[in-house]
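The block underneath contains the structure these notes are about, expressed in structure tokens.
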Protein chains: 2
Amino acid sequence: MSLIPDISPLTLNRLSVYLRCLRILEAEGETKVSSGALADRFELSPAQIRKDLAHFGEFGVRGVGYDVESLGAHLHELLGLNAQHNLVVVGIGNLGSALCSFLGFNDSSFRVVAGVDADPERVGKQVGDITVQPLEALETVVESAGIEMGVLTIPPEAATQCYERLVASGIRSILNFAAVQLPHRSDVRVKNVDFRVFLEELAFFRRDPS
Amino acid sequence: MSLIPDISPLTLNRLSVYLRCLRILEAEGETKVSSGALADRFELSPAQIRKDLAHFGEFGVRGVGYDVESLGAHLHELLGLNAQHNLVVVGIGNLGSALCSFLGFNDSSFRVVAGVDADPERVGKQVGDITVQPLEALETVVESAGIEMGVLTIPPEAATQCYERLVASGIRSILNFAAVQLPHRSDVRVKNVDFRVFLEELAFFRRDPS
DNA sequence: CCATGTGAACAAATTCACAGCA
DNA sequence: TGCTGTGAATTTGTTCACATGG
């Protein structure tokens, strides 16, 4: 079906946003929505919505708009959410725990199936659905639980080593919350998330305009 | 001094990244760095580094490069990090707690000075430097502690109401982790962070290319 | 010399505006 | 009529290549 052309990261992230918006409308009982209505409701650009969607076929009906449910289903599939993605969370501090519980009741595209921590105090703890295992078990766990994505929620000093171990275990998709530059590998996709960048963006607009 | 021209969000976020890189080099004892060396080390583009920095004056020395310490200081100031920014965290679950402790030992540009939660079980708990206070105390706390930024780490149902209360208390900068569309106000800056968007970006590149 | 700073060339992304279809 | 889908126009962002100056 959908032979997907090249897609920019900006467009890709907007598709996630659109999907979120559609789910909200769906919960409100809406069945049809136009690009203009979507844009008004969620502060988006109608032309951009249409452009973004048009890359992947003709999902809308002229004069009417889009079917909330079927467009949602299309985006869901397009984003690779039909498959279930098993995750391991490395570092079960507060942030790691937050992700474990967050991805418990989620719509099951993502599921944390294991969590490991270097701290013996934390090993054995129950967080969301999982029991914390020792860091040494990382490779074993990845292989036995069919894990395909790793989440790094550990201090920066430990991040690179854990990254190497995840990659050596066959993981090719990593969400990294540690503020370090992980070594680049063309076959591994890393998504870096740095909270300080978000805060600094807010701080910039509060600076003294001297 | 620095009369700052308009700056794109992309450039702004890169400045944060540059600052992070400079701090690492500083810790390693480097005193000078060229755009090329920075780019090699951190997988950036040398021309872009120069363009980005050149917006704000001539920080480099031709034939030499940039002074790690003084460029760091410039960026620090430029990003509004000389001032201390007091934050309130609304919702002290795992994610809220993570932010409280994360911004404990930080370099003091950002400080969580208060945390509130609707759950009586959590009120009185000690997290990082702060003692959790009841949600009702939100306005009082904001006004008495000189708070200028709010962080929303609460379930989506509660987010809009807390947003309104933060804004009514005078807060104009908000970091929002709840997956809702907060009402737009031209005088309030909201930075939305949605973990699912990050995960879906990774999932997209794992989808079945049918 | 060597690396910055910068205008000019290029590329990407967004918006416009309208043809085409239910 | 009304909204999609889309080429064309515009704006924004990136890269190139070189003149400039320590």
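Every value quoted in this text rests on a predicted model; they were computed, and no experiment measured them. Throughout, protein chains are lettered first and strands after them, A, B, ... in sequence-line order, and every chain is numbered starting at 1.
What separates CD1 of A/Ile49 from P of D/dG5 is a distance of 12 Å, to the nearest Å. In this entry the distance linking CG of A/Leu53 with P of D/dC3 reads 16 Å, nearest Å.
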All N/O contacts under 3.5 Å from nucleotides 13-15 of chain D to the protein, with atom names and distances to one decimal?
residue: D/dT14; atom: OP1; partner: B/Arg14; partner atom: NH1; Å: 3.0
residue: D/dT14; atom: OP1; partner: B/Gln48; partner atom: NE2; Å: 3.4
residue: D/dT14; atom: OP2; partner: B/Arg14; partner atom: NH1; Å: 3.4
residue: D/dT14; atom: OP2; partner: B/Arg14; partner atom: NH2; Å: 2.9
residue: D/dT14; atom: OP2; partner: B/Gln48; partner atom: NE2; Å: 3.1
residue: D/dT14; atom: O5'; partner: B/Gln48; partner atom: NE2; Å: 3.2
residue: D/dT15; atom: OP2; partner: B/Ser45; partner atom: OG; Å: 3.3
residue: D/dT15; atom: O4; partner: B/Lys51; partner atom: NZ; Å: 2.7

For nucleotides 18-22 of chain D, tabulate all protein N/O to nucleotide N/O atom pairs closer than 3.5 Å, reporting atom names and distance.
residue: D/dT20; atom: O2; partner: B/Arg62; partner atom: NH1; Å: 2.5

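With sequence neighbours left out, A/Asp187 forms a salt bridge (Lys or Arg N to Asp or Glu O under 4.0 Å) with A/Arg172. Listed by chain and number, the residues in a side chain to side chain donor-acceptor pair (under 3.5 Å) with B/Arg189 amount to none (sequence neighbours excluded). A/Glu139 pairs by the salt bridge (Lys or Arg N to Asp or Glu O under 4.0 Å) definition with A/Arg165, not counting sequence neighbours. Residues meeting the ring-ring contact (aromatic ring centres under 6.0 Å, His included) test with A/Phe59, sequence neighbours left out: A/His74. Taking the side chain to side chain donor-acceptor pair (under 3.5 Å) definition, one finds that A/Glu157 meets it with nothing, sequence neighbours left out. Scored by the salt bridge (Lys or Arg N to Asp or Glu O under 4.0 Å) test, B/Glu43 finds no partners at all (sequence neighbours excluded).
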May I have the step-by-step check of ring-ring contact (aromatic ring centres under 6.0 Å, His included) for B/Phe110 and A/Phe198, ending in yes or no? CA-CA 12 Å; B/Phe110 300 100; A/Phe198 305 141; over 10 Å; no
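For DNA chain C, the outermost nucleotides in 5' to 3' order that have an atom under 4.0 Å from a heavy atom of chain B are C/dC2 to C/dA8.
The salt bridge (Lys or Arg N to Asp or Glu O under 4.0 Å) analysis of residues 44-65 of chain B, with sequence neighbours excluded, yields the pairs B/Arg14-B/Asp52. Residue pairs meeting the salt bridge (Lys or Arg N to Asp or Glu O under 4.0 Å) criterion with at least one member in residues 16-30 of chain A, sequence neighbours excluded: A/Arg20-B/Asp194, A/Arg20-B/Glu200, A/Arg23-A/Glu26, A/Glu28-A/Arg41.
Between B/Leu95 and the choices B/Thr153, B/Ile154, B/Val193, the side chain to side chain contact (heavy atoms under 4.5 Å, CB included) rule is met once, by B/Thr153.
A heavy atom lying under 4.0 Å from DNA chain D marks the following residues of residues 30-37 of chain A, by number: A/Ser34, A/Ser35.
We find the NZ-CG distance between B/Lys191 and B/Leu175 to be 8.5 Å, quoted to the nearest 0.5 Å. Residue B/Leu81 holds its CG atom at 9.5 Å from CG of A/Leu199, rounded to the nearest 0.5 Å. Distance CD1/B/Ile7 to CG/B/Leu12: 5.0 Å, rounded to 0.5 Å.
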